[in-house]
Asks: 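Sharing a structure below in C-alpha cells format, with a few things to ask.
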Amino acid sequence: GQNIDQPTEMTATEGAIVQINCTYQTSGFNGLFWYQQHAGEAPTFLSYNVLDGLEEKGRFSSFLSRSKGYSYLLLKELQMKDSASYLCAVRGGSYIPTFGRGTSLIVHP
Amino acid sequence: DTGVSQDPRHKITKRGQNVTFRCDPISEHNRLYWYRQTLGQGPEFLTYFQNEAQLEKSRLLSDRFSAERPKGSFSTLEIQRTEQGDSAMYLCASSLDRGGMPQHFGDGTRLSIL
C-alpha cells in the first residue's frame, strides 16, 4: 500500500516564499507529481520528479529525495491567485498515481 | 485544444436510484482513470483503463460501481442503488502511456444524493 502525508493548511504573505512538504511510503516508486487545485476546479499539473534533485519551472520548483521518501514544492513570489490546494501524488509499483489529501494554501496581502 | 470533458457537471438524485457519468478523454490518450473526491480530501482512485481494458479497480470500489470503456475512447461510470455516502465529486483523468506523462483531469461530475 501507499501512505502520503502533507500538511493540511498553510498560510503565507503575498510576495513571500512557501515550501509545502510531502512524505510518502510506497511499495515501488515510479515518480512523484504535484498538482494545483482551485476550489471547485479540476487539478492541474505542476511538476514531475522521478530522480533525486530539484526541478525548476518558473516560480515553482519541486524537490525529491527517494531515499528519504520526501518531496517539497517551493513557490516563490507568491501571488493571491496561488491560493489553492496543492496535491502530492506518488506513482508506485502499479504506475497508478495515489494522491495525498492536499495542502490548502492561503495567501494573504 | 480539447481537454477531458465530463458529463453531466452536476447530478442530484434520490437514494436508491442508478446514475451514469460519461468521460471523454483527450483523443490520443490511451490511459483513463476515475477518481472520487470529497471536501478536504485528495482524489481517491477508483479504477483505471488502458485502451478498452480495465486493468485495475480499487478494493474500495463496491460491486454497485461499474465502469466501461467499450472502444477505448469514452468511458462511463455507473453507480447502482446510490447511497448517501456516494455523494462526492467524480473526476476522470487521462494520460499518455509513457513514463512521466501527467494526468489531465476533467472538471468532474458532482453527485448529490438526497
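Just so we're clear, the structure is a prediction, and the values are computed from it rather than from any experiment. Side chains included, hydrogens not; waters and symmetry mates left out as well; all remaining heavy atoms used. So that the names make sense, note that chain A is the first sequence line, chain B the second, and so on, each numbered from 1.
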Asks: Tell me, yes or no, whether the heavy-atom count around A/Lys57 atom NZ, taken from other residues, nucleotides or ligands under 6.0 Å, exceeds 12.
Replies: yes

Asks: Consider only side-chain heavy atoms of I, L, V, M, F, W and Y, link residues closer than 4.5 Å, and tell whether A/Leu64 and A/Trp34 are in one cluster.
Replies: yes

Asks: So, taking the atom named CD1 in A/Ile96 and the one named CG in B/Leu46, what distance separates them when rounded to the nearest 0.5 Å?
Replies: 11.0 Å

Asks: For B/Gln41, is it the side chain, the backbone, both, or neither that has a heavy atom closer than 4.5 Å to a heavy atom of chain A?
Replies: both

Asks: Sort A/Glu9 into side chain, backbone, both or neither according to what part of it lies under 4.5 angstrom from a heavy atom of chain B.
Replies: neither

Asks: Under a 4.5 Å cut-off applied to non-hydrogen side-chain atoms, are B/Phe45 and A/Pro97 in contact?
Replies: no

Asks: Would you say B/Tyr90 ends up clustered with B/Leu114 if hydrophobic residues are merged whenever their side chains have heavy atoms under 4.5 Å apart, either directly or through other cluster members?
Replies: no

Asks: If you compare all heavy atoms of A/Ala42 against all heavy atoms of B/Gly106, which two are closest, and at what distance to 0.1 Å?
Replies: CB-O, 2.9 Å

Asks: For B/Gly42 versus A/Leu87, what's the shortest heavy-atom pair and its separation?
Replies: CA-CD2, 3.9 Å

Asks: With a 4.5 Å heavy-atom cut-off, do A/Tyr35 and B/Pro102 have their side chains touching?
Replies: yes

Asks: For a side chain to side chain contact (heavy atoms under 4.5 Å, CB included) check, start with the C-alpha distance between B/Phe105 and A/Phe45, then their side-chain angles and the critical distance, and finish with the verdict.
Replies: CA-CA 9 Å; B/Phe105 283 84; A/Phe45 169 73; over 6 Å; no

Asks: In this structure, are over 12 heavy atoms from other groups packed under 6.0 Å from A/Glu77 atom CD?
Replies: no

Asks: To the nearest 0.5 Å, how far apart are CZ in A/Arg101 and CD in B/Glu44?
Replies: 12.5 Å

Asks: Check whether B/Gln103 gets within reach of chain A through its side chain, its backbone, both or neither, counting any heavy atom under 4.5 Å.
Replies: both

Asks: Are B/Leu32 and B/Phe65 connected in a single hydrophobic cluster, I mean Ile/Leu/Val/Met/Phe/Trp/Tyr linked by side-chain heavy atoms less than 4.5 Å apart?
Replies: yes

Asks: In this structure, would A/Leu74 and A/Tyr70 fall into the same cluster of hydrophobic residues linked by side-chain contacts under 4.5 Å?
Replies: yes

Asks: Is the number of heavy atoms from other residues, nucleotides or ligands under 6.0 Å of A/Glu14 CD greater than 12?
Replies: yes

Asks: B/His104, B/Glu56, B/Arg110: which one forms the most heavy-atom pairs within less than 4.5 Å of chain A?
Replies: B/Glu56

Asks: Would you kindly confirm whether B/Val4 and B/Met89 end up in one hydrophobic cluster when ILVMFWY residues are joined by side chain heavy atoms under 4.5 Å apart?
Replies: no

